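To start, the structure itself, in structure tokens.
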Amino acid sequence: GATDGTAVVRSLARGEGLRWFKVQISVKASHVPVVAHVAEDPEQSATLSHVSGRREHITYMVLHVFGQQFKTEKLPGESPKYGGTFQAEIPIPIGQEGEALECVDECEVSIDIVDVSEGEKGVTLLAGKLPLWKIFAPETRAAERVEHAAHQAAKTLGLGPREEKEEVVSIAKTLNGGSGTAHKKVDLVRADAGSNLLKNPHEILKHPGDIMKYHGWVELEIQAALGDSAQTLRRPISPELQGRGPLTAFFSSHRGGWYDPKLGKAKFMVDHVSNFVELRCNMLVFNRADTSDSSRVYKYYIEARCNGITTTTPGLHRPKESWYESLKLDPSRISFKGAVLYLPISPGAWCSLANRPQIDLAVYRMPVQELPACNYMTLFSPSGKPVTASQSWEKVYHATLAIDGLAVDQVKSGMNVSLSKATDRAALAGVATGEYEQMSGSASLSYELALRDRDYVRLHGANPPAGSPHLPNPVVCVGDRAMLAVEEAIYYPRTELEFRRRFLPGKFDPGMAGQKWKAPLRDPSLSHEYVLSGLDKVSKPTQFKQKLIPASCEGIIPNKYVLPESEQAFIEEARPGVFWRVADDLVAKQQEVDKETAENQTEADKRTVTNLSHTVRQVPVTLLAVYANPRGEAHCDLEVAPTFVHEWEKNPDRNYAIPGTLSILSFKDTSSAAVNTAPVGSGDVGQRHRRRVVLKDVPLSLVKAVQSTSFNIYDAAFPDVDAAVAVHPSKVRNDFNPRAIDDEDNYTEQKHGGFSMSAGPLPAD
């Protein structure tokens, strides 16, 4: 109903206010006759047979409205009193309520009656549906009720006369101010009658009385209201709106939607259109007045936005003033080293000659907050992990890039844009002309930009060119497995066995057991470790000696290495440790070196990392939902993989800084896999429990994909994440590991894991 096709999407992605059209449905009465299945052989039985009293009649109702699914409890009898109140909402653009309500006139309320008398799986017995406009229309203008079940069956099979098109009375007219209440009886017909009688459809008309006898009905009370919602920020949205989903599948594949009248029919190539922007961020340079804070470390990221869709660079730390002398890290600039952002352009964006597509750039910052680390016992204690107050990102700079006048695949390199302060008007820059406004007290960003076709983005996103270190944000989809980066505080091993298993250098000291320390890094043991470490560039390189790492080792301490020249390179090379902590330690160590030694040191000597207080652990998780955040980067809800929880239980002294709010649900494990895999001496396996560990409000930037492409999995039965995680773990089976199975031909449901995946709630967009 919006005049702009992306208006609602933009508001959802930014966490802005919207109107919400809410429909609330409750069941007042129902009639569900007991019927047998139609015989497969029409000669044996061309009609339905009544079987009342032959078996216990147990059914439940499935209701669909606005893409949401609701189920009632299972009840016996022909007049079950299905309880419950079912509520569904859809977003409505502000100021365009009338047009929006007209667009949902044909949205249907559908009802299925499922019979579970003969098994848990159930069979759909009766079904019916009614569009919203018929529900709220006056009785004199309501949809024609079925005068006879035979007439309805005849129309379904195409045997009756052609029905004239009904005059639709929009709910925008029938609802007073967007609100109203209606009582409606929805007729239900036999769900399997048509498929079984198609062999001889005229038999329906020979026995109309028998068929009429088995139709059912449900009486509903429907309340509709148009208003505001106080929980807009907790509405799930598609990951694509934050630049993390499969962006190439977000919009239509019909390339005519990107027709540009400026090019005209002669120059417009339908197989090569400009429906994506490729932006490479190089260097962010600060103004002299914007000095680095010597006491705190700030994290920065660049955001690019077009028509409500947002993509961001990885968050990088601004160097302190003290880092420059020892590490030559300039505090007046941050190198993003050509970080690639792909931003889709919405269909029809080029059609207007007055309002051409623009890219909104913004720079956000936030002081680094150290999350408290906790061990396994603390995490699963009644008090739970320590609660930390979430910090907000601060918008410090912004600008607008006008991309009009560019041709497809025309790369504009060596470009600069002046970024004005967030409190001032956004600086405007023309990419095609290279001109930009110079704002006082501003920062600047060097970048490269080009308009790309969808096929180019799909190819370079899933299969980047060989040797290219600048990868775009990997695809992270709802219901998909990903990795969560968490900090692990290093503590001295409690036993000598653990000391050896972690392959630590030196000898075990019992007096240090369990204490927090800066662990000494080992010398490179393998040839590739030595080559990648950069230790051959130090002034006095040690001779490399090959060492065998025993297979029994786990949680192996990293080897020594030379710190890269930028944090972006640190991330790309997957160096161990936390960058800002490593930089602080190197500066503190350099201050203890005497003047004579410092003069003889090379840059590689000053950057050699020999100790670590924290490492980064990749925790396997499943993405359940993504949420917008108007104060900075998006947040998400995650489920921690049971494999990580089991591993942590075996090593309870490991300390991890777990982000977000923790929620733990415990279920009794009644699966056959639990009995089959229980070790000898486990006792009563019927008392075993399984947990579903959920982390809420986790920054989306901490989540990394394990593949280059994927797809989202949503379940219409889940209104929110709480409903998704309330499902028993044995029904989810989201812990499948194909590498753990030796027999490739023996994938059965009895194997621990299975093929099923987790699903998240349907997003509001």
Side-chain angles (χ1 to χ4, degrees), residues 1-24 65-68 87-107 131-133 135-136 168-181 222-243 250-251 303 305-310 344-349 351-352 354-360 362 392 395 398 400 422 425-426 625-635 719-720 761-765:
T3 56
D4 181 358
T6 59
V8 175
V9 171
R10 285 199 305 269
S11 298
L12 287 171
R14 297 173 182 173
E16 297 174 348
L18 283 168
R19 304 298 301 279
W20 292 81
F21 182 58
K22 178 175 67 177
V23 173
Q24 184 172 294
V65 57
F66 290 156
Q68 295 288 332
Q87 178 178 305
E89 294 178 298
I90 57 172
I92 298 293
I94 297 177
Q96 300 166 8
E97 289 83 353
E99 296 86 346
L101 290 179
E102 289 180 358
C103 291
V104 298
D105 286 337
E106 298 293 342
C107 290
L132 282 178
W133 76 267
I135 292 177
F136 292 99
V168 177
V169 181
S170 175
I171 59 176
K173 299 178 180 179
T174 56
L175 293 180
N176 183 17
S179 302
T181 303
I222 302 98
Q223 298 179 352
L226 182 62
D228 301 324
S229 177
Q231 297 182 349
T232 302
L233 296 181
R234 288 298 297 175
R235 302 277 182 179
I237 63 174
S238 297
E240 292 88 335
L241 296 181
Q242 298 297 329
F250 192 54
F251 288 129
E303 173 191 273
R305 176 175 292 176
C306 180
N307 287 332
I309 300 179
T310 301
I345 301 175
S346 60
C351 293
S352 175
N355 299 320
R356 308 292 280 179
Q358 294 181 335
I359 307 299
D360 296 324
S392 300
K395 184 178 178 180
H398 61 165
T400 301
R425 176 180 58 85
V626 176
Y627 306 96
N629 182 14
R631 298 175 297 178
E633 63 176 337
H635 287 69
D720 50 33
L762 201 66
D765 56 274

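This is a predicted model, so every value here is computed, not measured. Every heavy atom of this structure was used, including side-chain atoms; hydrogens, water molecules and symmetry mates were not. Start at 1 with the first residue, then count along the sequence.
- Residues R234 and D720 are not in side-chain contact: their nearest non-hydrogen atoms beyond the backbone lie 4.5 Å or more apart.
- In this structure, I92 CD1 and L101 CG are separated by 5.5 Å, a value rounded to the nearest 0.5 Å.
- Atom CG in L241 sits 7.5 Å away from atom CG in L12 (nearest 0.5 Å).
- A donor-acceptor pair under 3.5 Å links the side-chain atoms of E97 to the main chain of G95, judged by distance alone.
- Taken to the nearest 0.5 Å, the CD atom of E633 stands 11.0 Å off from the OG atom of S392.
- Of the listed residues (D105, I135, L226), just one forms a side-chain contact (heavy atoms from CB on, under 4.5 Å) with I171, and that residue is D105.
- Each of S238, P239, P236 was compared with V626 under the side-chain contact (heavy atoms from CB on, under 4.5 Å) criterion, and only P239 meets it.
- Here CD of Q358 is found 11.5 Å from CD1 of I345. Values are rounded to the nearest 0.5 Å.
- The CD atom of Q68 lies 11.0 Å from the CD1 atom of I90; values are rounded to the nearest 0.5 Å.
- Taking the side-chain hydrogen bond (donor to acceptor under 3.5 Å, both in side chains) definition, one finds that R425 meets it with E437, sequence neighbours left out.
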- [ ] Check the pair V23 / I222 against side chain to side chain contact (heavy atoms under 4.5 Å, CB included), numbers first and verdict last.
- [x] CA-CA 7 Å; V23 173; I222 302 98; 3.8 Å; yes
Task: Intermediate values then yes/no, side chain to side chain contact (heavy atoms under 4.5 Å, CB included), F66 and L132 - done: CA-CA 10 Å; F66 290 156; L132 282 178; 3.7 Å; yes
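- Just one residue in the list R19, R235, K22 forms a salt bridge (Lys or Arg N to Asp or Glu O under 4.0 Å) with E89, and that residue is R235.
- Rounded to the nearest 0.5 angstrom, F21 CZ and C103 SG are separated by 12.0 Å.
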Open item on the list: side chain to side chain contact (heavy atoms under 4.5 Å, CB included), that's the test. Do V168 and E106 meet it? Break it down for me.
Closed with: CA-CA 9 Å; V168 177; E106 298 293 342; 3.6 Å; yes
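- Contact between K395 and A422 at its shortest, heavy atoms only, is O-CB, 3.0 Å.
- Residues I237 and Q242 form a side-chain contact, since some pair of their non-hydrogen atoms from C-beta on lies under 4.5 Å apart.
- Contact check for F136 versus V169: no side-chain heavy atoms found under the 4.5 Å cut-off.
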